[in-house]
Amino acid sequence: MNNSETKTDTNSAAPKYDFHKVELYWQKKWEEDGLFTAPDMPDSDKEKFYMLVMFAYPSGDIHMGHFRNYIIGDAVARRELMLGKQVMHPFGWDAFGLPAERAAIKRNLNPADWTESNIGVSRETLQKVGISFDWSREVVTCRKDYYRWSQWLFLKLFEKGLAYLKEALVNWCPDCLTVLANEQVVNGICERCDSKVQKKELRQWYFKITDYADRLVDDLDKLSGWPDNVKSMQREWIGRSYGAEATFQVEDEKWNIPVYTTRLDTIYGVTFLALAPESKLAERLNLSDAKRKEIDDYRQEALLKTEIDRGSETDEKTGIFSGLYAINPFSGERIPIWIADYVLAHYGTGAVMGVPHNDMRDKAFAQKYNLPIRQVLKTADGSEISDGEVVTIENGITVNSGRFSDLPSSEAIESMSAFAEKGGFGKKTKQFKLHDWLISRQRYWGTPIPIIHCDKCGLVPVAESALPVELPIITDYLPKGRSPLADVASFTNVKCPRCNSNAKRDADTMDTFVCSSWYHLRYADPENKDALFNTDKANAWLPVDKYIGGITHATGHLIFFRFITKFLSDLGLINFDEPAKELFNHGMVSDSEGKVMSKSRGNVVSPIELMKERGVDVTRLAMYFTAPSDKEVLWSDAALVGVEKFLLNKVCNLADLYDAQNTDLKYHFKKSELTSAEWDLYVGLNQRLKRRQDDYDNLQYNTVIASMMELSRDIERAKAVKPELRNYAVRCLIQTLAPLIPHTAEEIWASLGFTKSIFLSGWPIADPDALVSQTITMGVQINGKVRGEISIAPDAIAEVALSEAKACESVIRHLEGKTIIKEIYIPGRVLNIVAK
RNA sequence: GCGAGAAUGGCGGAAUUGGUAGACGCGCUAGAUUUAGGAUCUAGUGUUUCACGACGUGGGGGUUCAAGUCCCCCUUCUCGCACCA
């Protein structure tokens, strides 16, 4: 395999090389040489680099989006390898989940077989793309050797009190017939099947991620390598707010209604309390039978509404008066208690104090039901409070607030909360929007929850030594609103490990986000039979240096991934508590009209077909060249045209410009030993190498390619330069492109006479002494407008530049009849003559 | 509604971060070559003007010798959140 084969192909742009042969040859060679196989522990004398792309659900074929994601990561990994680092670039499969179960139902297949065969197909395709994955580290989450450790993780969380069972209103998808985590509900719609999500009261398993809420927010500041938009999305999602709780005693009764407020300074303006219809507080109200019936009907109605229905009535708030009163602990006033559906049961205490004066929602409600509005704030700057506006804490002064009147809001909040705490009717608190993570799923194809329910002993964890709790092979996957495992007697009926009486296994399986919350660690030690991973290996390879994936995971996976990493850090299993130093969100791929590619639309372009027709490297190059990696790509096959010409007509012919007889592998030249034309070529080369360094760091491969197109033109034109210089330029060009077109680059590299892989050849570094050309053309401006250009040394003194400029015809013309007021000369940049 | 980001030729996109706007590629035009088509090569290609020139980075203002880049206002689009008290 040396010289590219020249074929006569009447349909082709140029002599075409047999890309299939070349691709196969090098893919096999890389594998045989173990080029991408990371060692158990990184060499101590080398820098390590852990390149991770989000693993995938094995759906069989890969599409353009996958293709793009993986080739971006591949370019990073290959360049890091060329930089001399020890690279780990693993891949695996997020293999549990609904599609397998659906296929099982529809085509009467076993989900395990279906999944495994899909993995086979997908893996083979990725191998054809030439992605530098270390397949020896592959993890598959639906295999026993993996999910046994997901179960172990569950047991540890359970042991630490961070996994618990709770009866609560949960998101229920009527189509999937399972519960969903908040992260899986988008605007009240099931993320998977687009049905309207309902509320259902169920006993479910939760992970207590709220215990980590503060750290999850605070540590975002440590993540300097994460994009700001992801960090602010996480901050928003976690939604920490500081405020105070205050309790209102129910009149003539012995219990209190607690409310959470960020504006304790407005408590003298409370004219009603509002309870969420589904809150326990509303249930507790001691009502007359007639009132109870009325309120129950109302609650029922509110409960039946889906989130969307409730959300769509944003301005139409409804409520009902309970007939009861509570006492404002500050003013002693009687406050009517209402039930209102604009109050959320799952936030704060499920009850709010209604202050129509300074809260738009309370105001809308008060206006609708004719409740009084009492002013308790004025602005510090004396400005009018316009309609639809509230007084901020920064700009508020209390009024009509008893002994707390005439205070700036922030001071009022401080002294009022101190007063409340002393009096035992309130205190400063904080709240989060983030809720505990609901992980139970009523599905078959997932990790079984390793818990046994015993009537006598309660919840009994399965012993670690008894793991894994294996998923039984079954035949009936049809959803019945409960886990299919619940009907498998041989699975559920067990003896209690503690008291040996008859007990039941938990029949639910875990959310697949549990599987993906620790896979990054398993890659460091994928075959470990005694632990999730070996601590030394994990500490050596992790954290991940660059993590690439879609923005869609900003508030789901990426929060769970951080949470579990922190948990394992707290267990002492690892010595870091953030999983990834850098995060990169690649742009999506849609069709040429900007529509998402989907089977139902029939607009799916298969990278597999393109690779077959045009070769892997042409397809890769087209994708890289179309746009920077973080931008959306509207895919069109037209993108292939230019880069194909470049690859076949220019890059593939570079060997012809290379003098293999000249074995001088010199790479740094001195100005004194080069002719002026040679020096120009050399400087142009080095300037490009320097710029492309940054482009690679930013994953901007489009400009790398543009720049190498220019370089190839320059090399072609510089026929009369020293062979060792031209050879050097050719080598730099191929090395710079190698991460993008790995097969072609290897092939050419070998044809130049090198026997070692190009990926072990190092990375061309710019010569710092050759970054400035001897002459540049500089624009000459008159009053800021370009009127001519001069050819000048970049470091020429002002006098020289001026005299050159004044000799320039168009400059003379524009200066005619004007007096020069000022001359601004920035060497190497611009000359601007100000004249009047 | 709130928050973030974006807007540059016919198209995808460049622009050393305040210094010759439109690199590179596509497309288009003309020419060369070819029996022809395809392919290849050369030249041209922001708008306008016969030309000198004028105008030009969504719109309007400003700062500056100099603005795609910085500041203010507006429009449109994308994304995220959306009764979070």
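Letters A, B, ... mirror the listed sequences (proteins, then strands); counts begin at 1.
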*Which residue, A/Met623, A/Met64, A/Arg620, forms the side chain to side chain contact (heavy atoms under 4.5 Å, CB included) with A/Pro607?*
A/Met64
*Of A/Ile705, A/Leu640, A/Val618, A/Leu737, which is the lone residue that meets side chain to side chain contact (heavy atoms under 4.5 Å, CB included) with A/Leu647?*
A/Val618
What nucleic acid atoms does [X] come within less than 4.0 Å of, heavy atoms only: base, sugar-phosphate, or nothing?
| X | value |
| --- | --- |
| A/Asn832 | base |
| A/Thr261 | sugar-phosphate |
| A/Glu236 | sugar-phosphate |
| A/Arg235 | nothing |
| A/Arg787 | sugar-phosphate |
| A/Glu710 | sugar-phosphate |
| A/Ser241 | sugar-phosphate |
| A/His435 | nothing |

[N] [atom2] sits how many Å from [X] [atom1], rounded?
| X | N | atom1 | atom2 | value |
| --- | --- | --- | --- | --- |
| A/Asn229 | B/U78 | CG | C1' | 12 Å |
| A/Leu634 | B/C11 | CG | C1' | 11 Å |
| A/Gln431 | B/C83 | CD | C1' | 16 Å |
| A/Met708 | B/C24 | CE | P | 14 Å |
| A/Leu737 | B/C24 | CG | C1' | 13 Å |
| A/Asp591 | B/C11 | CG | P | 18 Å |
| A/Met233 | B/G5 | CE | P | 14 Å |
| A/Ile551 | B/G5 | CD1 | C1' | 11 Å |

Given [options], which nucleotide is nearest the side-chain atoms of [X]?
| X | options | result |
| --- | --- | --- |
| A/Val343 | B/U40, B/A85, B/G19 | B/A85 |
| A/Val641 | B/U17, B/C65, B/G27 | B/G27 |
| A/His814 | B/G53, B/G25, B/G13 | B/G53 |
| A/Thr703 | B/A14, B/U20, B/C81 | B/A14 |
| A/Ala706 | B/A23, B/U17, B/U20 | B/A23 |
| A/Gln781 | B/C24, B/U16, B/U20 | B/U20 |
| A/Val786 | B/C83, B/C24, B/A21 | B/A21 |
| A/Val352 | B/A85, B/G13, B/C26 | B/A85 |
| A/Pro628 | B/G13, B/G19, B/A85 | B/G13 |

[atom1]-based separation of [M] from [N] [nearest Å]:
| N | M | atom1 | value |
| --- | --- | --- | --- |
| B/G38 | B/U29 | P | 12 Å |
| B/C74 | B/G22 | P | 33 Å |
| B/U40 | B/U75 | P | 49 Å |
| B/G10 | B/A6 | P | 23 Å |
| B/U69 | B/U57 | P | 9 Å |
| B/A14 | B/G60 | C1' | 27 Å |
| B/C52 | B/A7 | C1' | 34 Å |

*Indicate the atoms forming the closest heavy-atom contact of A/Ile559 with A/Ile209, along with that distance.*
CG2-CD1, 3.7 Å
*asked:* Ignoring hydrogens and geometry beyond distance, is a side-chain donor-acceptor pair present between A/Glu632 and A/Ser590 at under 3.5 Å?
replied: yes
*N-glycosidic conformation, B/G9 - syn within 90 degrees of 0, else anti*: syn
*Which way is the base of B/U63 turned, syn or anti, if we draw the line at 90° from 0?*
anti
*Parallel, tilted or perpendicular: ring planes of A/Phe272 versus A/Phe365, cut at 30 and 60 degrees*: tilted
*What orientation do A/Tyr701 and A/Tyr624 show, parallel under 30°, tilted 30 to 60°, or perpendicular over 60°?*
perpendicular
Could you identify the nucleotide paired to [N], looking across every strand shown and requiring Watson-Crick or G-U wobble geometry with both distances under 3.5 Å?
| N | answer |
| --- | --- |
| B/G22 | none |
| B/U16 | none |
| B/A67 | none |
| B/G37 | none |
| B/U48 | B/G53 |
| B/U42 | B/A30 |
| B/G3 | B/C79 |

*asked:* By nearest heavy atom, map A/Ile826 and A/Trp237 onto RNA chain B; which one lands nearer the 5' end?
replied: A/Ile826
*Between A/Lys822 and A/Ser707, which is nearer to the 5' end of RNA chain B once each is assigned its nearest nucleotide?*
A/Ser707
Presence of [X] side-chain N/O under 4.0 Å of [N] phosphate oxygens OP1/OP2:
| X | N | result |
| --- | --- | --- |
| A/Lys433 | B/C81 | no |
| A/Lys785 | B/C55 | yes |
| A/Tyr342 | B/A85 | no |
| A/Asn702 | B/A14 | yes |
| A/Arg813 | B/G53 | yes |

_Ion pair check, A/Lys199 and A/Glu278, cut-off under 4.0 Å_ = no
_Salt bridge flag under 4.0 Å for residues A/Asp341 and A/Lys317_ = no
*Passes side chain to side chain contact (heavy atoms under 4.5 Å, CB included), A/Val352 versus A/Leu273? Steps please.*
CA-CA 6 Å; A/Val352 303; A/Leu273 287 188; over 6 Å; no
*Taking the six-membered ring of A/Tyr242, is the NZ or CZ of A/Lys430 close enough (under 6.0 Å from the centre) and on axis enough (within 45°)?*
no
